[in-house]
Colleague: 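To start, I am sharing the structure in question, which I have written as structure tokens.
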Amino acid sequence: MSAPPLLVTCGLPYTNGPCHLGHLRTYVPADAYVRYMRRTGEEVVFVCGSDNHGTPIVVSAEAAGVTPRQMSEKYHEHFDRTFRRMGVVFDHFGMTDNPANHARTTAIVKQLIARGHIYSQVVHQAYCTKCRRFLPDRYVEGICPHCGASARGDECDQGCGKHLEPGEIKEPVCKVCGTKAEFRDQEHFFFRLSAFKTYLLPFLESVRGTANAKNYAIGWIKEELHDWCITRTLDWGVKFPGRDDLVVYVWVDAPIGYIAFTEEWAEKAGRDWKRYWCGDNRVTHFIGGDIIYHHCIFWPALLHGAGYGVPHAIVASGMLKVDDHKFSKSRGYVVWTNEDYLDRGLPADYLRYYLLAYTSHTKELNFSWKLFAERINNEVVNIFGNFVNRTLQFGQREFNGIPEGGADPAIMAEIDKTCAVVDGFMRDYEFKSAVDAILALAAYGNTYIQGNAPWKLVKTDRAAAAQVIRNAAQLAHALALLIEPVMPEKAQECWTMLGYSDRIADHRISDAKKPSRTGAIPPPRPLFARMEEEKVIELDELLHKRVRDADRKSEKIPVVSLEEFQKLDIRAGRVLSCEPVNKSNKLLKLVVDIGTEKRQIVAGMQQFYKPEEMIGKDVVVVTNLAPAKIFGVESNGMILAAGDAASLLVPLRPVEPGSKIR
RNA sequence: AGCGAGGUGGGGUAGUCAGGAUAUCCCGGCGGGCUCAUAACCCGUAGAUCGAUGGUUCAAAUCCAUCCCUCGCUACCA
């Protein structure tokens, strides 16, 4: 009991939008880790909370006609509820805008000031006179001074890609309201981050967690550390001590939330928060790969500067992709936890399994409904679920439950081995490998039953058949205990089906190695339902529709001048002949009378029109389109049609072929 | 541009840090078995110049160098 206490945190969800798979990629593994560690007998505190400050929340709140606090509370409750539904259970889920965090942040900033780590400097900053607020770079748009392209405040993102210093951008405009922005000078406060370089290097060399976090941060530090501007001109946030017009930057008070939430928890639980933050600790941060910088560099420097203990481990997850595309809300590549998943009656445990079993924690995780269904059906349902089911069904029918006696040493040895392997992987944050090892034990169970064929044995040697089922039940017992951190609900169901009446989470993982229960069991039924194909297609279609909608919305339509438009020669034409193009199932070859001449045109409308119904139709033709060879057939123009089903554009009243269209 | 991650049979994915003799697992192909089980399970089999080139070594997917390709990050965005 001399090991320092283990405190696990998750990166804080920002309260301006709902929970999606990107969030869960961090929270589910953290929860599984906590569940596992607890069930090895460790005392673990698991805290998190919502991140409420910053300009984006003020902007979102204004747009929604509510206060930032109301906005934050709405999403705070949303995340709290969603995490519970996903089986992610924190000991405390706080808010960074609550008094505890205001107090802790103020105290830490004051300590930093007292220790000389903060200095002031005048900063040149964009200000919107209409919104009456200073604009962070992401809210400024303008013209790049280097190449003249339109650019964001901090970078010429569409042109030359150069980094822009504040104040450099030409014709700055407020992104929120479109008003011309101006630059104003304002006194701000900076944290002497550059002074911590020599402290941070050895810290990072020794910090535990995943290699991606560590390497990334070390690489960065070796480059150059700039001091951090830690104040913002904003009303919403934690006031900078002694300055009513400034709040601290959210990246100061957000991580300090970890401490404040521990304090709030300790208050409830009658514990001492200092045990976790002032001295030796095992504070373990689970974070997304996008905030490594803040947790590996800024945060330890802040803690060290203020005289607190620094993190023990930083565990960073890899990226999430959806349908092999970069996760993107605006492009539609997103899966919402409630709307798309839980509200459709899908089990939280399936998603937990997928997120944990897909790949290493630090690698890119691709989500697609097809892959999801495949993994669930093949691994969870077929291998794991089927093993438990066949064992219990057979036991129930032939032996009225689980036969008495102990399990064979070979079976116990297999369980021992699996437990040891899983333990190593869990402690290394290698969740996929741990899940693989558990599934391998289930596969072992299937091979074992298959090889010993109790359904045959029962006819010749009833006792031997009973022993096979007894052994299989021991494996099922171990599997339930091992899978609990991954699929807590299903593990409990499995546990109950094995005839236990208590809570599986109250048992140690090591109980897998103890003789399992024998005797009567409740009527067995399949543990897992398959993902049915129609359901998968429906879910997949939903995602694709969202991507298409997003596509349509974001499509940038360039403005065309009258001169440019007049370059097009569009005329009425009459179809003289029409036939399918050889070896193509989409193309039609048409000859169209356009008044002055007859034109051969190839059009992709075979699925929508029969050749004979085209003949004689009056159509609209772009006649001066550059000729092209399609499928070896020359095409001299384009027949206009609308929509995906190529609804033909036709003149409402009869016109002569060749009539100009404008 | 810099930094980081990755390129492994048809698809996906492990192994690379601590080099080793038949390169993992899931799906798919082919052949067989079982019939307790949710058409689930088991066995066998085909299929990989482990991105390219060069090097170190008795031995390289694994170490080194160069190159090619993909993706992410670049701090006053949360």
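So that the names make sense, note that chain A is the first sequence line, chain B the second, and so on, each numbered from 1. Atom set for the values below is all heavy atoms of this structure, side chains included, hydrogens, waters and symmetry mates excluded.
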Colleague: From the set B/rC76, B/rC41, B/rC73, return the single nucleotide nearest to any side-chain atom of A/Asn446.
Modeller: B/rC41
Colleague: Pick the P atom in B/rG6 and in B/rC63, then give their distance to the nearest Å.
Modeller: 11 Å
Colleague: Does the side chain of A/Arg530 get closer than 4.0 angstrom to OP1 or OP2 of B/rA40 through an N or O atom?
Modeller: yes
Colleague: Would you mind pulling out the nucleotide paired to B/rA52, Watson-Crick or G-U wobble, both distances under 3.5 Å?
Modeller: B/rU66
Colleague: Any idea how A/His23 and A/His20 line up, ring-wise: parallel (<30°), tilted (30 to 60°), or perpendicular (>60°)?
Modeller: tilted
Colleague: When the ring planes of A/Tyr350 and A/Phe528 are compared, do they come out parallel, tilted or perpendicular, using 30° and 60° as the limits?
Modeller: tilted
Colleague: Which part of the nucleic acid, if any, lies within reach of A/His188 when heavy atoms closer than 4.0 Å are counted: base, sugar-phosphate only, or nothing?
Modeller: nothing
Colleague: Closest to the A/Lys363 side chain: B/rA75, B/rG72, B/rG15?
Modeller: B/rG15
Colleague: Between A/Thr359 and B/rA14, does any side-chain N or O lie under 4.0 Å from OP1 or OP2?
Modeller: yes
Colleague: Given B/rC41, B/rA14, B/rC71, identify the nucleotide with an atom nearest to the side chain of A/Asn386.
Modeller: B/rC41
Colleague: If you measure from the C1' atom in B/rA61 to the same atom in B/rA14, how many Å do you get, rounded?
Modeller: 12 Å
Colleague: Which base sits across from B/rG29 as a Watson-Crick or G-U pair, both distances under 3.5 Å?
Modeller: B/rU45
Colleague: Considering only the P atoms, how many Å lie between B/rG44 and B/rG12, rounded to the nearest integer?
Modeller: 26 Å
Colleague: Evaluate salt bridge (Lys or Arg N to Asp or Glu O under 4.0 Å) for A/Lys214 paired with A/Glu205, printing each intermediate quantity in order.
Modeller: CA-CA 7 Å; A/Lys214 202 166 156 161; A/Glu205 299 287 356; 5.8 Å; no
Colleague: May I have the distance from A/Phe190 (atom CZ) to B/rA75 (atom C1'), rounded to whole angstrom?
Modeller: 12 Å
Colleague: Classify the side-chain pair A/Gln474/A/Arg470 by whether it contains a donor and acceptor separated by less than 3.5 Å.
Modeller: yes
Colleague: Taking for each residue the nucleotide of RNA chain B with the nearest heavy atom, is it A/Leu527 or A/Thr362 whose nucleotide lies nearer the 5' end?
Modeller: A/Thr362
Colleague: Using the closest heavy atom to pick a nucleotide of RNA chain B for each, name whichever of A/Asn212 or A/Gly54 lands nearer the 5' end.
Modeller: A/Asn212
Colleague: Could you check which of B/rU35, B/rC76, B/rC26 has an atom nearest any side-chain atom of A/Asn378?
Modeller: B/rC26
Colleague: Scan A/Ser433 against the nucleic acid and name what it touches under 4.0 Å (heavy atoms): base, sugar-phosphate only, or nothing.
Modeller: nothing
Colleague: Could you work out which one of B/rG33, B/rG12, B/rU38 sits closest to the side chain of A/Gln393?
Modeller: B/rU38
Colleague: Looking for any heavy atom pair under 4.0 Å, which part of the strands does A/Pro454 touch: base, sugar-phosphate only, or nothing?
Modeller: nothing
Colleague: Closest to the A/Glu379 side chain: B/rC41, B/rU38, B/rC26?
Modeller: B/rC26
Colleague: Is there a side-chain polar atom (N or O) of A/Lys459 under 4.0 Å from OP1 or OP2 of B/rU35?
Modeller: no
Colleague: I'd like to know if A/Gln450 reaches the base of B/rC41 with its side chain, counting only an N/O donor and acceptor under 3.5 Å.
Modeller: yes
Colleague: Would you measure the distance from the C1' atom in B/rC30 across to the matching atom in B/rC68 and give it in whole Å?
Modeller: 37 Å
Colleague: Figure out the CG/P separation between A/Leu365 and B/rU13, and round it to whole Å.
Modeller: 10 Å
Colleague: Take the protein atom CZ of A/Phe327 and the nucleotide atom P of B/rC73, then report the distance between them rounded to whole Å.
Modeller: 13 Å
Colleague: Compare the aromatic ring of A/Phe394 with the six-membered base ring of B/rC36 and state whether they stack according to the 5.5 Å and 30° rule.
Modeller: no
Colleague: Report the distance from atom CG of A/Asn377 to atom P of B/rC41, rounded to the nearest whole Å.
Modeller: 10 Å
Colleague: Provide, to the nearest angstrom, the distance between the CD1 atom belonging to A/Ile218 and the C1' atom belonging to B/rU74.
Modeller: 18 Å
Colleague: Distance between the C1' atoms of B/rC64 and B/rU56, in whole angstroms?
Modeller: 7 Å
Colleague: Any idea how A/Tyr354 and A/Tyr358 line up, ring-wise: parallel (<30°), tilted (30 to 60°), or perpendicular (>60°)?
Modeller: tilted
Colleague: For B/rU13 and A/Tyr358 - does any side-chain N or O of the residue sit under 4.0 Å from the phosphate oxygens OP1/OP2?
Modeller: yes
Colleague: Measure from the side chain of A/Lys456, starting at C-beta and using heavy atoms only, and say which of B/rA75, B/rG12, B/rU35 lies closest.
Modeller: B/rU35
Colleague: Under 30°, 30 to 60°, or over 60°: which ring-plane class applies to A/His361 and A/Phe431, parallel, tilted or perpendicular?
Modeller: perpendicular
Colleague: Please determine whether a side-chain nitrogen or oxygen atom of A/Asn382 lies at a distance below 4.0 Å from atom OP1 or OP2 of B/rC41.
Modeller: yes
Colleague: A/Gln467 CD to B/rC36 P: how many Å, rounded?
Modeller: 21 Å
Colleague: Work out how far the P atom of B/rU13 is from that of B/rG51, and round it to whole angstrom.
Modeller: 14 Å
Colleague: Taking CZ from A/Phe425 and P from B/rU24, how many angstroms apart are they, rounded to a whole number?
Modeller: 16 Å
Colleague: Give a yes or no on whether a salt bridge exists between A/Glu430 and A/Lys432, defined as a side-chain N under 4.0 angstrom from a carboxylate O.
Modeller: no
Colleague: Whom does B/rG4 pair with, Watson-Crick or G-U wobble, provided both distances fall under 3.5 Å?
Modeller: B/rC71
Colleague: Using the P atoms only, state how far B/rU45 lies from B/rA23, rounded to an integer number of Å.
Modeller: 13 Å
Colleague: I'd like to know if the side chain of A/Asn471 pairs up with that of A/Gln467 as donor and acceptor (distance under 3.5 Å, no hydrogens or angles considered).
Modeller: yes
Colleague: In terms of side-chain heavy atoms of A/Val381, which of B/rC43, B/rC36, B/rU38 is nearest?
Modeller: B/rU38
Colleague: Using the P atom as the point on both nucleotides, what is the distance between B/rC76 and B/rG9, in whole Å?
Modeller: 40 Å
Colleague: What is the distance from NZ of A/Lys370 to C1' of B/rU13, rounded to the nearest Å?
Modeller: 15 Å
Colleague: Can a donor-acceptor pair be found between the side chains of A/Arg69 and A/Asn52 at a distance below 3.5 Å?
Modeller: no
Colleague: Looking at B/rA37, I'd like to know if its phosphate oxygens (OP1 or OP2) sit under 4.0 Å from a side-chain N or O belonging to A/Arg397.
Modeller: yes
Colleague: Given B/rG11, B/rC34, B/rA14, which nucleotide is nearest the side-chain atoms of A/Trp455?
Modeller: B/rC34
Colleague: B/rA18 pairs with which nucleotide, Watson-Crick or G-U wobble, both distances below 3.5 Å?
Modeller: none
